[in-house]
Amino acid sequence: MIELRGVHKRLGDRQILAGLDLLVPEGLNYVLMGRSGTGKSVTLKHVIGILRPDAGTVIVDDQSVPDLTQRQLAALRRRMGYLFQNGALINWLTVFENVALPLRERRSLPRDEVESRVMEVLGLVGMDHAAAQYPSSISGGMKLRTGLARALVTEPRYVLYDEPNAGLDPIMSEQIHRLIAEVRDRLGVTGLVVTHSRACAFDTGDRIGVLDEGRILAEGTIEEMQESDHEIVRAFLSGGAD
Ligand SMILES: Nc1ncnc2c1ncn2[C@@H]1O[C@H](COP(=O)(O)OP(=O)(O)OP(=O)(O)O)[C@@H](O)[C@H]1O
Ligand SMILES: [Mg+2]
């Protein structure tokens with residue numbers, strides 16, 4: 001379980017988070033929506049301990065993230081995958097080597113085990129046929145799927161997805177969304193998905209929270225949120241452009 005309680009964070013001269021309460025239930029995908037610059041990525045950075053709250057608590061697996069030592073933090077990050085916008089692949093490494101990276105960094109696994117794990121997870125995201133290709137020769141959707149494979153290769157309990165369909169056409173977006181739902185259903189991964197996209201929220205989300213002015217303005221199931229009285233919530237979840 002991931003839980004933020006009363007998190008305040010000031011960056012520069014702006015109060016970005018102002019008493020943020022957020023609970024991501026085990027085994028579900030929680031979708032965090034909000035306008036650009038509201039602090040969605042900042043929220044994810046608190047969960048992995050890159051940023052520390054000025055006040056409030058961040059708890060993952062009953063541990064207080066800001067109080068962890070570097071060593072404990074490293075252990076926590078091993079239980080957590082992070083899908084960056086655009087996949088954030090390394091251009092001079094093949095798809096295979098990009099996905100193998102977290103395994104090579106973390107421990108000395110036998111070569112054949114690295115190979116079988118990487119190929120398994122590439123198979124899961126439908127990228128096993130492209131293992132030898134370089135990022136420059138694959139599409140945006142393939143890059144994201146590779147990024148997802150890299151996030152999954154260490155068998156994390158949690159995956160944080162930052163704008164998983166940014167820059168993708170609707171068909172590729174749908175593929176990624178389907179994969180995010182599959183990762184939950186087949187691997188039992190708990191997900192925190194940050195997005196502006198209604199399609200992404202609908203396809204991947206179990207619960208949706210809308211971040212505004214540093215806190216959750218409204219939260220609920222998709223059906224509940226579509227009936228919301230808040231204008232901002234409705235703007236995100238009903239009608240209009242995606
Ligand atoms: N390290 C930092 N120092 C100063 N300001 C920061 C820092 N990181 C983020 N900010 C500011 O905090 C605000 C929230 O940033 P954040 O990246 O979380 O937005 P976001 O909701 O993810 O937006 P987007 O949808 O555009 O990705 C922005 O105004 C940003 O400029
Ligand atoms: Mg962001």
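Order of appearance sets the numbers: ligands from 1, and atoms from 1 within every ligand.
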Note to self: Could you check whether Thr69 and Gln72, counting side-chain N and O atoms only, form a donor-acceptor pair closer than 3.5 Å?
What the structure shows: yes

Margin query: Under a plain distance cut-off of 3.5 Å, with no hydrogens placed, do Asp162 and Ser41 share a side-chain donor-acceptor pair?
Written below: yes

Notebook entry, point to check: N/O of Val42 under 3.5 Å from N/O of ligand 1, yes or no?
Noted result: yes

Next item on the list: Please confirm whether Arg14 comes within less than 3.5 Å of ligand 1 when only nitrogen or oxygen atoms on both sides are compared.
Entry: yes

Notebook entry, point to check: Can Gly34 be said to touch ligand 1, with heavy atoms closer than 4.0 Å?
Noted result: no

Notebook entry, point to check: So Arg157 and Asp61, side chain to side chain contact (heavy atoms under 4.5 Å, CB included) or not? Walk me through it.
Noted result: CA-CA 10 Å; Arg157 262 183 89 164; Asp61 288 343; 3.6 Å; yes

Check: In terms of heavy-atom contacts, does CZ of Arg215 have more than 12 from other residues, nucleotides or ligands at under 6.0 Å?
Finding: no

Notebook entry, point to check: Below 4.0 Å from any atom of ligand 1, is there a heavy atom belonging to Lys45?
Noted result: no

Notebook entry, point to check: Does a donor on one side chain sit under 3.5 Å from an acceptor on the other, for Asn165 and Ser197?
Noted result: yes

Check: Got a protein heavy atom sitting under 4.0 Å from atom 31 (O) of ligand 1?
Finding: no

Next item on the list: Answer with yes or no whether the side chains of Glu163 and His196 bring together a donor and an acceptor at under 3.5 Å.
Entry: yes

Margin query: List ligand 1 atoms under 4.0 Å from His196, heavy atoms only on the residue side.
Written below: 25 (O)

Note to self: Out of all atoms in ligand 1, which are within 4.0 Å of some heavy atom of Glu163? Include the element for each.
What the structure shows: 25 (O), 27 (O)

Checklist line | Distance flag for atom 4 (C) of ligand 1, protein heavy atom under 4.0 Å | finding: yes

Notebook entry, point to check: Which heavy atom in Asn98 sits nearest to a heavy atom in Ile90, and how many Å separate them?
Noted result: OD1-N, 2.8 Å

Note to self: For a quick test of reading the model, state the closest non-hydrogen atom pair linking Pro156 to Ala151 and the distance between them.
What the structure shows: CG-O, 3.3 Å

Check: How does Ile16 reach ligand 1, if at all, at less than 4.0 Å between non-hydrogen atoms: by side chain, backbone, both, or neither?
Finding: side chain

Next item on the list: Inspect the surroundings of CD in Gln133 and state if more than 12 heavy atoms from other residues, nucleotides or ligands are less than 6.0 Å away.
Entry: yes

Next item on the list: Can you see which heavy atom on Ala201 is nearest to which on Val31, and at what distance?
Entry: CB-CG1, 3.9 Å

Checklist line | Gly205 to Ile222 - nearest heavy-atom pair and separation | finding: O-CD1, 3.7 Å

Next item on the list: Could you check which of Ser36, Gly37, Ala166, Ser41 puts a non-hydrogen atom nearest to atom 26 (O) of ligand 1?
Entry: Ser36

Item checked: Side-chain heavy atoms of Arg79 within contact of Leu76, under 4.5 Å -> yes

Checklist line | Nearest neighbour in protein (non-hydrogen) for atom 25 (O) of ligand 1 | finding: Lys40 NZ, 2.8 Å

Margin query: To check your reading of the model: name the closest protein heavy atom to atom 10 (N) of ligand 1, its residue, and the distance in Å.
Written below: Leu11 CD1, 3.7 Å

Next item on the list: Using a cut-off of 2.8 Å, find all protein N, O or S atoms closer to the Mg ion (ligand 2) than that distance.
Entry: Ser41 OG

